[in-house]
*Asks:* 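Pasting a structure below so you can have a look.
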There are 2 protein chains.
Amino acid sequence: MQNLRRIFKAVESYSRTVETKFGMTGPQLWALWELGRNSPLSLKDLAASMHLSPSTVVGVIDRLIAKDLVTREPDQADRRRVCLSLSTKGKELLDQAPNPAQDQLIKGLKSLNPGQLKTLSLSLESLVKTMAADKLEAPFFFAEE
Amino acid sequence: MQNLRRIFKAVESYSRTVETKFGMTGPQLWALWELGRNSPLSLKDLAASMHLSPSTVVGVIDRLIAKDLVTREPDQADRRRVCLSLSTKGKELLDQAPNPAQDQLIKGLKSLNPGQLKTLSLSLESLVKTMAADKLEAPFFFAEE
DNA sequence: GCTTTTTAATTTGCATACCTAATAATTTGG
DNA sequence: CCAAATTATTAGGTATGCAAATTAAAAAGC
């Protein structure tokens, strides 16, 4: 329990690290990641990938555009839509700002030997099963695996 | 990684469960828990235990008092301070609203046999060590173990 | 004792993240 | 061609969260 707690805390602290280090909030970097993975995106699709309402995401995107990290252009094919993409500046920032929490986790997992990894996997699987969390989707900080 | 992800997601969804089920936000229940553990508390001490600034916690407490879940009385010994405590209604709610995410985790851990539990513990310990998360404190949803 | 400093709580002002509902523009189905 | 669905946005609301200013009370210094 104590170790799980620590892992959670490490991930939780990720958000603050981002805010102080990269001058943007968690949701803003989250949106940036989604655009980095899959671009261009319509606002609706971006909102869906973030599990947020479109009206919420409009504000996030507005602030990213104000920072010159994202571009918003009308979609030629369907003029109801917009095309959201990373700007050059946004791509650069995304390169410099990996996913600290996830990187640390991956680093930690790599330090385990195959036997440990196996038992960890099995134990977690059993844990997850009992927690009935199977259906739930991945949160943003694991989005890229 | 997938299983860790699911556990995170389950805990993340806890907040929404609380909001819809108990009509209050995460920080509000968090404050309620702290008062349930250790009462009465001064505003400053409550803020410290939640790792938030006092000015933030004033608002949270205001809303809890408006819901008649918390009482705020001046401290007799030091009249600069206030004594924050659970109201009768607050105690009742806290009894009905355990910590779903944590309870699920505990339930999951109990389902493991001793050998699994041991290897899980060892694996997580190794993981934590590499993540250098040792120093970090427990987040609220693990505060009661 | 009296003044200065410190401490506690609050208020104010600001930015952000959320949501629902309403609106405008556009596409699609019939 | 027109009604219905879809897309983005705006409007209006609540809640977090902070720093800075304010008020009141206690503690410290002299």
Side-chain angles (χ1 to χ4, degrees), chain A residues 12-13 15-20 22-35 40-67 69-85 139-141, chain B residues 12-20 22-32 34-35 40-67 69-85 139-141:
Chain A
E12 197 191 44
S13 77
S15 188
R16 260 164 258 166
T17 305
V18 167
E19 286 179 37
T20 58
F22 298 101
M24 82 182 55
T25 63
Q28 284 171 30
L29 189 59
W30 183 7
L32 225 54
W33 275 334
E34 293 294 341
L35 290 175
L41 274 174
S42 72
L43 188 120
K44 190 204 169 177
D45 291 343
L46 176 59
S49 72
M50 294 171 73
H51 304 285
L52 294 174
S53 77
S55 53
T56 299
V57 179
V58 167
V60 174
I61 290 297
D62 284 347
R63 288 181 278 278
L64 287 173
I65 289 174
K67 285 175 187 153
L69 297 170
V70 165
T71 60
R72 174 166 44 195
E73 293 164 7
D75 187 322
Q76 298 303 329
D78 184 341
R79 282 179 304 171
R80 289 171 303 182
R81 298 186 180 216
V82 291
C83 283
L84 301 172
S85 310
F140 76 97
F141 45 80
Chain B
E12 197 191 45
S13 77
Y14 146 79
S15 189
R16 258 164 261 168
T17 305
V18 167
E19 285 178 38
T20 58
F22 298 100
M24 83 181 57
T25 63
Q28 284 171 28
L29 189 60
W30 184 6
L32 225 53
E34 294 294 340
L35 290 175
L41 274 175
S42 73
L43 188 122
K44 190 202 169 179
D45 291 343
L46 176 58
S49 72
M50 294 173 73
H51 303 286
L52 294 174
S53 77
S55 53
T56 298
V57 178
V58 168
V60 175
I61 290 297
D62 284 348
R63 287 181 279 276
L64 287 174
I65 290 174
K67 284 172 188 155
L69 297 171
V70 166
T71 61
R72 174 166 44 194
E73 294 165 5
D75 187 323
Q76 296 303 328
D78 184 340
R79 283 180 302 172
R80 288 171 304 182
R81 297 185 181 218
V82 292
C83 283
L84 301 171
S85 309
F140 76 96
F141 44 80

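Being a predicted model, the structure only gives us computed values, none of them experimental. Each chain gets a letter, A, B and so on, in the order the sequences are listed, and its residues count up from 1.
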*Asks:* Testing the basics here: between A:Leu41 and A:Glu34, what is the closest heavy-atom pair and its distance to 0.1 Å?
*Replies:*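 Looking at all heavy atoms of both residues, the closest pair is CD1-O, 4.0 Å.
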*Asks:* Quick one: on DNA chain D, does B:Ser53 or B:Lys67 contact a more 5' nucleotide (nearest heavy atom)?
*Replies:*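 By nearest-heavy-atom nucleotide position, the 5'-most residue is B:Lys67.
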*Asks:* I need the B:Thr25 OG1 to B:Leu64 CG distance, nearest 0.5 Å.
*Replies:*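 Rounded to the nearest 0.5 Å, the OG1-CG separation comes to 7.5 Å.
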*Asks:* Enter the distance from A:Leu43:CG to A:Ile61:CD1 here, rounded to the nearest 0.5 Å.
*Replies:*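 Result: 6.5 Å between the selected atoms.
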*Asks:* With rounding to the nearest 0.5 angstrom, report the CG to CD1 distance, A:Leu84 to A:Ile65.
*Replies:*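 It comes to 6.5 Å.
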*Asks:* Can you name the closest pair of heavy atoms from B:Leu46 and B:Ala31 and give their distance?
*Replies:* CD1-O, 4.2 Å
*Asks:* Between A:Met24 and A:Leu69, is the side-chain contact (heavy atoms from CB on, under 4.5 Å) condition met? List the steps.
*Replies:* CA-CA 11 Å; A:Met24 82 182 55; A:Leu69 297 170; 3.6 Å; yes
*Asks:* Could you check A:Ala77 against A:Leu52 and say which one's nearest nucleotide on DNA chain C is further toward the 5' end?
*Replies:* A:Leu52
*Asks:* Give me the bend of the helix from C:dG1-D:dC30 to C:dG30-D:dC1, using the axes of the five pairs at each end, rounded to 10°.
*Replies:* 10°
*Asks:* Quick one, B:Asp45 with B:Arg81, criterion side-chain contact (heavy atoms from CB on, under 4.5 Å). Give me CA distance, side-chain angles, the key distance, then yes/no.
*Replies:* CA-CA 10 Å; B:Asp45 291 343; B:Arg81 297 185 181 218; 4.0 Å; yes
*Asks:* What does the B/S/- profile of nucleotides 2-14 of chain D look like, 5' to 3', with a 4.0 Å heavy-atom cutoff to protein?
*Replies:* ----BSSBB----
*Asks:* State the CG-CD distance between A:Asp62 and A:Gln28, to the nearest 0.5 angstrom.
*Replies:* 10.5 Å
*Asks:* For chain A and DNA chain C, what are the first and last nucleotides along the strand, 5' to 3', with at least one atom under 4.0 angstrom from a heavy atom of the protein chain?
*Replies:*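 In short, chain A contacts DNA chain C from C:dT16 to C:dT27.
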*Asks:* How close do B:Ser85 and B:Pro40 get, counting heavy atoms only, and between which atoms?
*Replies:* OG-CB, 3.4 Å
*Asks:* Nearest 0.5 Å, please: how far is CG in B:Asp78 from SG in B:Cys83?
*Replies:*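 Interatomic distance, B:Cys83 SG to B:Asp78 CG, rounded to 0.5 Å: 9.5 Å.
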